[in-house]
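Structure first, commentary second.
Along the sequence shown, residues are numbered consecutively beginning with 1. Since we're looking at a predicted model, the values are computed, not measured.
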Amino acid sequence: MTYHPKSDFLRIIVERGFLADCTDLQSLDEALIAGVVPAYIGYDATAKSLHVGHLLNIMLLRWFQKCGGKPITLMGGGTTKVGDPSFRSDERPLLSPEAIDANIAGMQGVFAKYLVYGDGATDALMRNNAEWLDGLNYLEFLRDIGRHFSINRMLSFESVKSRLDREQSLSFLEFNYMILQAYDFLELNRRYGCLLQMGGSDQWGNIVNGVDLTRRVLDHEIYGLTTPLLTTSDGRKMGKSQGGAVWLNAEMLSPYEFWQFWRNTTDADVGRFLKLYTELPVEECDRLGGLGGAEINAAKIRLANEVTALCHGAEAAAAAEATAREVFEKGGIGEDLPTLSLSAGELGEGISIVQLIVRSGLAKSGKEAKRLIAEGGARLDDAPVTDPGLTLDAGAFAAPVKLSAGKKRHALVTLGS
């Protein structure tokens, strides 16, 4: 990149690895220096929590606010009724208005940990695009907005082309999504003076649509900026673990399991993740990421502590680290481990070790649990399990039982009344 930004925000995000592309970097830089710029990222309300895949852009908004910008978190109460077809092989299941509202409430709690909301000049705003999309008059919308969109151009977008190339159905409902997202940018500019839309690089086509539409309809200069789509160094999509999505909501994933996800980062990713997901100085991120041998584990613990403290608070991070030390270093049972509580009725005359491994979330199926045992990866109170036919009765649960899958995944099983 030949242009070197002068504004704090762009300088920081370039240095830390957040920037993939921008519609006009120099003009955006000048706007950021000139005064408070409102910027938004849109989030469809498809689940009750955001997950680690969203965290890069949440951190982007956090840096934006820290550098004097005004973040807008736009909840897709309207667009969730349609569904974003981007890079999907099938149509999203449609949600009821009640489910969408419940999801937005759950996501709101996550945002509040990272951003300061309020009425101040740089306080964040949360808005819902149902405000302007629910009441649209279809014929007026077609006449005033639809005429600015070229079908030829829309068909050329990678997200659409990939579906058509695979001869997978793309409904007219989904095809409308990109027009509605462009219209969001227009409305946010009209209502709140929003000058910038940010998002993952898979949203580039949708963002450019919004920039073009706003220029055509309002003759306003606005900007788009994207972040790279992250994969781990071993090629996995960021934010996925063996157990599924890594949620940012403590009710959906315990702070200990969240901490453990970051502690298990691959050596090659530590420096990069420290820059993207923590606020440690870049020099410190480089130093920690450059550690070798057993020392890199200290850097991973630092990464896990910093990310968990931002999401769940410093106490939760400290408790997770203490539990990990208890479990890994002393072979003990940490209080913070994911726990399965069995009732006497469920236990009956006994429960098989295979069932127990599946019920505790350490394997997805009986077949996977048996394979874990056969490969020597299953442990019961730190002793290897060799017999897949092993059955445990009530006497085995006089004290909490610790189950392990490999060296890094553990759960407690207790017997309730």
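With sequence neighbours left out, the ring pair (Phe, Tyr, Trp, His ring centres under 6.0 Å) criterion links Tyr43 to His54, Phe111. For Lys300, the salt bridge (Lys or Arg N to Asp or Glu O under 4.0 Å) test picks out Asp267, with sequence neighbours left out. Applying the salt bridge (Lys or Arg N to Asp or Glu O under 4.0 Å) criterion to Asp134, with sequence neighbours excluded, gives Lys81. Taking the side-chain hydrogen bond (donor to acceptor under 3.5 Å, both in side chains) definition, one finds that Glu306 meets it with Arg302, sequence neighbours left out. Scored by the side-chain hydrogen bond (donor to acceptor under 3.5 Å, both in side chains) test, Ser233 finds Asp269 as partners (sequence neighbours excluded). Under the side-chain hydrogen bond (donor to acceptor under 3.5 Å, both in side chains) criterion, Asp24 pairs with Ser27, not counting sequence neighbours. Every residue two or more places apart in sequence or in another chain was checked for a side-chain hydrogen bond (donor to acceptor under 3.5 Å, both in side chains) with Tyr277, and none qualifies. Scored by the side chain to side chain contact (heavy atoms under 4.5 Å, CB included) test, Arg379 finds Pro384, Ser404 as partners (sequence neighbours excluded). Under the rule for a side chain to side chain contact (heavy atoms under 4.5 Å, CB included), the partners of Arg11 that lie at least two apart in sequence or sit in another chain are Asp8. Residues that satisfy the side chain to side chain contact (heavy atoms under 4.5 Å, CB included) test with Lys66, not counting sequence neighbours, are Arg62, Trp63, Glu279. In terms of the salt bridge (Lys or Arg N to Asp or Glu O under 4.0 Å) criterion, Lys48 has no residue partners (sequence neighbours excluded).
Nearest approach of Pro5 to Asp29, heavy atoms of both residues: CA-OD2, 3.3 Å. Contact record, Ala324 with Trp259: CB-CZ3, 3.4 Å, taken as the closest heavy-atom pair.
A donor-acceptor contact closer than 3.5 angstrom is absent between the side chains of Asp21 and Ser201. Judged by distance alone, the side chains of Tyr40 and Asp184 never bring a donor and an acceptor atom under 3.5 Å apart. For the residue pair Glu368 / Ser365, no side-chain donor-acceptor distance below 3.5 Å is found, with atom types taken as modelled.
Within the 4.5 Å cutoff, side-chain heavy atoms of Leu186 are placed close to those of Ile145. Looking only at side-chain heavy atoms (C-beta outward), Tyr192 and Lys70 stay at 4.5 Å or farther from each other.
How far CG of Leu188 is from CG of Leu74: 5.5 Å, rounded to the nearest 0.5 Å. Between the CD atom in Glu284 and the CG atom in Asp286 there is a gap of 9.5 Å [rounded to 0.5 Å]. Summarising the geometry, atom CD1 belonging to Ile301 is positioned 11.5 Å from atom OG1 belonging to Thr308; distances are rounded to the nearest 0.5 Å. Between the NZ atom of Lys370 and the CG atom of Leu372 there is a distance of 13.0 Å, given to the nearest 0.5 Å. For the atom pair OG1 of Thr278 and CH2 of Trp262, the computed distance is 10.0 Å after rounding to the nearest 0.5 Å. In this structure, Ile12 CD1 and Phe18 CZ are separated by 9.5 Å, a value rounded to the nearest 0.5 Å.
Not a single donor-acceptor pair under 3.5 Å links the side chain of Thr226 to the backbone N or O of Trp204.
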Run the side-chain hydrogen bond (donor to acceptor under 3.5 Å, both in side chains) test on Asn209 and Gln181 for me, step by step, so that the C-alpha distance in whole Å, both residues' side-chain angles and the decisive distance to 0.1 Å come before the verdict.
CA-CA 8 Å; Asn209 267 340; Gln181 188 173 323; over 6 Å; no
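Using a cutoff of 4.0 Å between basic side-chain nitrogens and carboxylate oxygens, Arg287 and Glu283 are not scored as salt-bridged.
The 12-atom threshold is not exceeded at NZ of Lys367, counting heavy atoms of other residues, nucleotides or ligands nearer than 6.0 Å.
Judged as a ring pair (Phe, Tyr, Trp, His ring centres under 6.0 Å), the pairs with a partner in residues 281-326 (not counting sequence neighbours) are, in order, Phe258-His312.
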